[in-house]
Number of protein chains: 2
Amino acid sequence: MAQQRAERADAVRNRRAVLHATERLLAEGGGEHVSLDRVAALAGVGKGTVFRRFGNRAGLLQALLEERSRELRDAITNGPPPLGPGAPVRERLLAFLDGLGAIAEDNAVLLSAHEQACAEDKYDDPSYQFWHRHLSVLFAEARPDLDADFLAHAVLAVFDGNLIRHMTPPDDPRRFTRSIQQMATALLDRGDHQAVIPQPIPEQDR
Amino acid sequence: MAQQRAERADAVRNRRAVLHATERLLAEGGGEHVSLDRVAALAGVGKGTVFRRFGNRAGLLQALLEERSRELRDAITNGPPPLGPGAPVRERLLAFLDGLGAIAEDNAVLLSAHEQACAEDKYDDPSYQFWHRHLSVLFAEARPDLDADFLAHAVLAVFDGNLIRHMTPPDDPRRFTRSIQQMATALLDRGDHQAVIPQPIPEQDR
DNA sequence: GCATATCCGGACTGACAGTCCGCCTCAGTG
DNA sequence: CACTGAGGCGGACTGTCAGTCCGGATATGC
């Protein structure tokens, strides 16, 4: 039922080659220069093969993204706390943002290219829906007074490849993750006391 | 100095015609179908004219967006409170989000098309920088303990045409604005009830 | 009127996503 | 091994689009 017949050996080989070629092109040139012609050429396969495997440009990039995030997905579903079930909401949320932030920082170019290719249907992508549901549940639990569904979308909207590249200085590759964790923390804190430790910081002008 | 010579009358007429044609195409078809060929044809001008006026696709859409938001920009800089200077931070932020939210809700398709066309250089766009600076100043004042620069980017990241279309039900066109106001409010509230002295707001520099 | 700086139109180029179909190869069978 | 056909393969082909270019038209100042 899962598969009537195993995938043919050459098909498997080609799928790997295409993904690998895509990685290489993304790594060397800017994400815009990754045309499917070039991917096919570098992978040593025909263009038709790329489309048969991945459907379209968005599908190819999505497959790559999925590969990079499968581990995190599994850890959230089945792994030990704080990523997996069982930890307090706050710890779980921070662990999740740490994981997703790392992936995003490491793959900002891929992320940009994917956003570019996806256009509308980004929100139907199963990966997106997984992250959204996870965040949504956490927010709903911690802040039933807010619109958790919206907050989940809002947090994910910040995982924008271009934005990440724009705000990540070379000497501080994890600035993005720290900042979004700080923002999420601020969102979790209700009007009542606790945490955050307000730093004096008199004021900042720019 | 402002202009060595006034713009020629036909040039002005054509610019209007092109912008108007773009509006019409955006309004009837989905944003993706607004090719510059079509815009030129509908406007009754040559393609070259469109490019001479607006530089490229992104420039055209940006011009349209700027037209739709000029009023809000002016109100923030020179208008009366709560949009303009003088109101407490919280009121000013909510008024701003109300205004920008309305524009975004009314122009979600245009917004999507612009994001698609802009790609990287969205963050260099003067309009974007204006909104960002405004938000950044407000956040810095209300929450000196947080990363105001990041928060401003994060809030603007949520103004995504596709996201807005995705989450706006036909019977509640202002859901987006309400939700983002709620989120911003949550971000302003410090964890403790430490008095946030409502300062008379000196003004913003630059 | 006349001169010329400016603008106009649309043919042209190059690049790309996605399709199609005849050929080839793998893998299962006897 | 030889056979066979389902499925995979390649790359030519199509349609579309952004952006360029230049000969010709025209508004404007004198």
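Within every chain, numbering begins at 1; the chains are lettered A, B, ... in the order of the sequence lines, protein sequences first and strands thereafter. Given the structure is predicted, the values throughout are model-derived calculations rather than measurements.
- Aromatic ring pairs are classed by plane angle as parallel below 30°, tilted from 30° to 60° and perpendicular above 60°; the pair A:F176 and A:F159 is perpendicular.
- If you take CD on A:E23 and CD on A:E67, they are separated by 6.0 Å, rounding to the nearest 0.5 Å.
- Each of A:V155, A:L94, A:L100 was evaluated against A:I180; a single residue qualifies, A:V155, per the side chain to side chain contact (heavy atoms under 4.5 Å, CB included) test.
- Atom-to-atom, CD of B:E7 to P of C:dC7 comes out at 7 Å; the value is rounded to the nearest Å.
- Heavy-atom distances under 4.0 Å link DNA chain D to no residue of residues 15-28 of chain B.
- Checking A:E105 against A:T177 by side-chain atom types alone, a donor-acceptor pair falls below 3.5 Å.
- Judged as a side chain to side chain contact (heavy atoms under 4.5 Å, CB included), and not counting sequence neighbours, the contacts of A:R13 are A:D10.
- Listed by chain and number, the residues in a side chain to side chain contact (heavy atoms under 4.5 Å, CB included) with B:D160 are A:Y123, B:E115, B:N162, B:L163 (sequence neighbours excluded).
- Between B:S35 and A:R53, the residue whose closest nucleotide on DNA chain D is further toward the 5' end is A:R53.
- By the neighbour-count criterion of 12 heavy atoms within 6.0 Å, atom CZ of B:R16 is sparsely surrounded, having that number or fewer from other residues, nucleotides or ligands.
- Checked against the 6.0 Å centroid criterion, the rings of A:H153 and A:Y128 qualify as a close aromatic pair.
- Listed in residue order, the members of residues 109-121 of chain A having a heavy atom less than 4.0 Å from DNA chain D come to none.
- Non-hydrogen atoms lying under 4.0 Å from DNA chain D are contributed by B:L36, B:R38, B:K47, B:G48, B:F51, all within residues 36-51 of chain B.
- Here the CG atom belonging to B:L83 is positioned 7.5 Å from the NE2 atom belonging to B:H134, to the nearest 0.5 angstrom.
- Taking 4.0 angstrom as the limit, A:N14 places a side-chain polar atom (N or O) nearer than this to OP1 or OP2 of D:dC9.
- With values rounded to the nearest 0.5 angstrom, B:L151 atom CG is found 9.5 Å from B:L135 atom CG.
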Legend entry - Letter per nucleotide, 5' to 3', of nucleotides 21-26 of chain C [B base touched, S only sugar-phosphate touched, - untouched; heavy atoms, 4.0 Å]: ----BS

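- Taking atom CG on A:N56 and atom C1' on C:dC16, their separation rounds to 14 Å, with Å as the unit.
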Inset, instruction - Take B:D125 and B:Q62 through the side chain to side chain donor-acceptor pair (under 3.5 Å) test and state the conclusion after the steps. - result: CA-CA 9 Å; B:D125 172 6; B:Q62 192 172 312; 3.2 Å; yes

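- Counting only heavy atoms from C-beta on, A:R57 has its side chain closest to C:dA17 among C:dA17, D:dG19, D:dG8.
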Inset, instruction - For the pair B:R68 and B:D106, evaluate salt bridge (charged side-chain N to carboxylate O under 4.0 Å, His left out) and give the outcome as yes or no after the intermediate values. - result: CA-CA 10 Å; B:R68 304 275 167 95; B:D106 290 347; over 6 Å; no

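- Judged purely by distance below 3.5 Å, without hydrogens or angles, the side chains of B:D147 and A:S179 pair a donor atom with an acceptor atom.
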